[in-house]
Amino acid sequence: MERKLRDLTRREAEAGQIARLTNTEARKLFPPLAEGLEAVYAESGARVDGHLLRNALLRAAEKHGAVMRNGKAKLSCENGRLTGVHVDDSFFPADKVILAAGAWANELLGPLGIKLPLEPQRGQIVHLKLPGENTDSWPVILPDTDHYIVSFADSRVVAGATRETGSGFDCRITAGGLHEVLQEALSAAPGLHHATVGEVRVGFRPMTKDLLPLLGHIKGTDLIAAAGFGPSGLTIGPYAGSLAASLAFGEEPGMNLEKYDPMRKM
Ligand SMILES: Cc1cc2nc3c(=O)[nH]c(=O)nc-3n(C[C@H](O)[C@H](O)[C@H](O)COP(=O)(O)OP(=O)(O)OC[C@H]3O[C@@H](n4cnc5c(N)ncnc54)[C@H](O)[C@@H]3O)c2cc1C
């Protein structure tokens, strides 16, 4: 706790006001919190609703002329050169293609004989309902582990998440995964004991070994990788997307992307 507080204070400029809270103060903000736990409050911490963020980005792209096509994409190549993308029965010729297929990127690259240093990591996350409870203003809780608790407006609290390296694309909800997220959440916030289990979601983080994204031209091709965002894609994805778009237009991306070279050795 002391170390965390010192680290946070150093980053005060980004984190806004930082305050140490007693258990009583912390439970006023987040009533389910365990008795005895103190907290460090960072004013600028915020939650992101992934669905809303995605929809906003799609609407903004359409406003700027993007055309949406839903379907299964395949890269089209002739004599080893990229010619465009097939989406189901339609063909879209292209000079450059941005590969943003998350953990599935290598499935698309297979026919080109290219393999990015990327693998899926399963994450199981539980949505809990607290009927009648106004959870909208509850802060995000980051216990001293990899887990977290994020509250939303509709009396919903989300407890996440497992980090299952080596899972492959096995999308089952497992007894062990469910046990882990509930145990972690309930030990930090026993007040969630009577919450209703709404749903359990499973996702695949696109993980690289060095935990850095794969962002840049795939050498010898007209492909630009925007992948490997691991556990942070909701946060860094929009900016990474704008860097990838700059590369596709042949513009200077505005930051040195050398260490994100998609074909680097790991
Ligand atoms: C449980 C869990 C919790 C997370 N929590 C956070 C968090 O708190 N904060 C944070 O910043 N990040 C979080 N993440 C990570 C974040 O979700 C990912 O980093 C991010 O989604 C990666 O974005 P992406 O666009 O690269 O890939 P994805 O979001 O996986 O999107 C890739 C898309 O491409 C589609 N696709 C693949 N192949 C094809 C094809 N051939 N044709 C057409 N479409 C195709 C897929 O269906 C998918 O929709 C979490 C992830 C998980 C699993």
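In listed order, ligands and their atoms are each counted from 1.
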Nearest neighbour of [atom] from the list [options], on a heavy-atom basis:
atom	options	answer
atom 16 (C) of ligand 1	Gly233, Ala225, Gly228	Gly233
atom 51 (C) of ligand 1	Met207, Glu107, Arg205	Arg205
atom 44 (N) of ligand 1	Gly102, Gly123, Gly71, Ala101	Gly71
atom 33 (C) of ligand 1	Ala100, Gly237, Gly50	Ala100
atom 22 (C) of ligand 1	Ala161, Pro206, Ala73, Ala103	Pro206

Atom [atom1] of [X] and atom [atom2] of [Y]: how far apart are they, to the nearest 0.5 Å?
X	Y	atom1	atom2	value
Ser151	Ile141	OG	CD1	7.0 Å
Leu257	Glu252	CG	CD	9.0 Å
Arg205	Glu119	CZ	CD	12.5 Å
Leu211	Phe229	CG	CZ	14.0 Å
Arg122	Cys171	CZ	SG	8.5 Å

Could you identify the single nearest non-hydrogen protein atom to [atom] and state the distance to 0.1 Å?
atom	answer
atom 11 (O) of ligand 1	Thr235 OG1, 2.6 Å
atom 19 (O) of ligand 1	Gly230 O, 2.7 Å
atom 48 (C) of ligand 1	Trp104 CZ3, 4.3 Å
atom 14 (N) of ligand 1	Pro231 O, 3.7 Å
atom 17 (O) of ligand 1	Leu234 CG, 4.5 Å

[X] neighbourhood, listing ligand 1 atoms whose heavy-atom distance to it stays under 4.0 Å:
X	value
Gly203	53 (C)
Ser232	10 (C), 11 (O), 12 (N)
Phe229	19 (O), 26 (O)
Tyr148	3 (C), 4 (C), 5 (N)
Lys72	42 (N)

4.0 Å heavy-atom contact, Gly160 with ligand 1:
no
Below 4.0 Å from any atom of ligand 1, is there a heavy atom belonging to Ala227?
no
Ion pair [X]/[Y], N-O distance below 4.0 Å:
X	Y	value
Asp88	Lys72	no
Arg264	Asp210	yes
Asp136	Arg47	yes
Arg201	Glu199	yes

Within the 4.0 Å heavy-atom cut-off, what Leu108 brings close to ligand 1 is side chain
May I ask you to decide if Glu78's main-chain N or O and Thr83's side chain share a donor-acceptor pair within less than 3.5 Å?
no
Using the ring centroid of each side chain, check whether Trp138 and Phe152 are separated by less than 6.0 Å.
no
Please work out which of the three classes, parallel, tilted or perpendicular, describes the rings of Phe169 and Trp104, given edges at 30° and 60°.
parallel
Heavy-atom distance from [atom] to the protein below 4.0 Å?
atom	value
atom 26 (O) of ligand 1	yes
atom 38 (N) of ligand 1	yes
atom 3 (C) of ligand 1	yes

Donor-acceptor pair between Glu164 and Thr162 side chains, under 3.5 angstrom:
yes
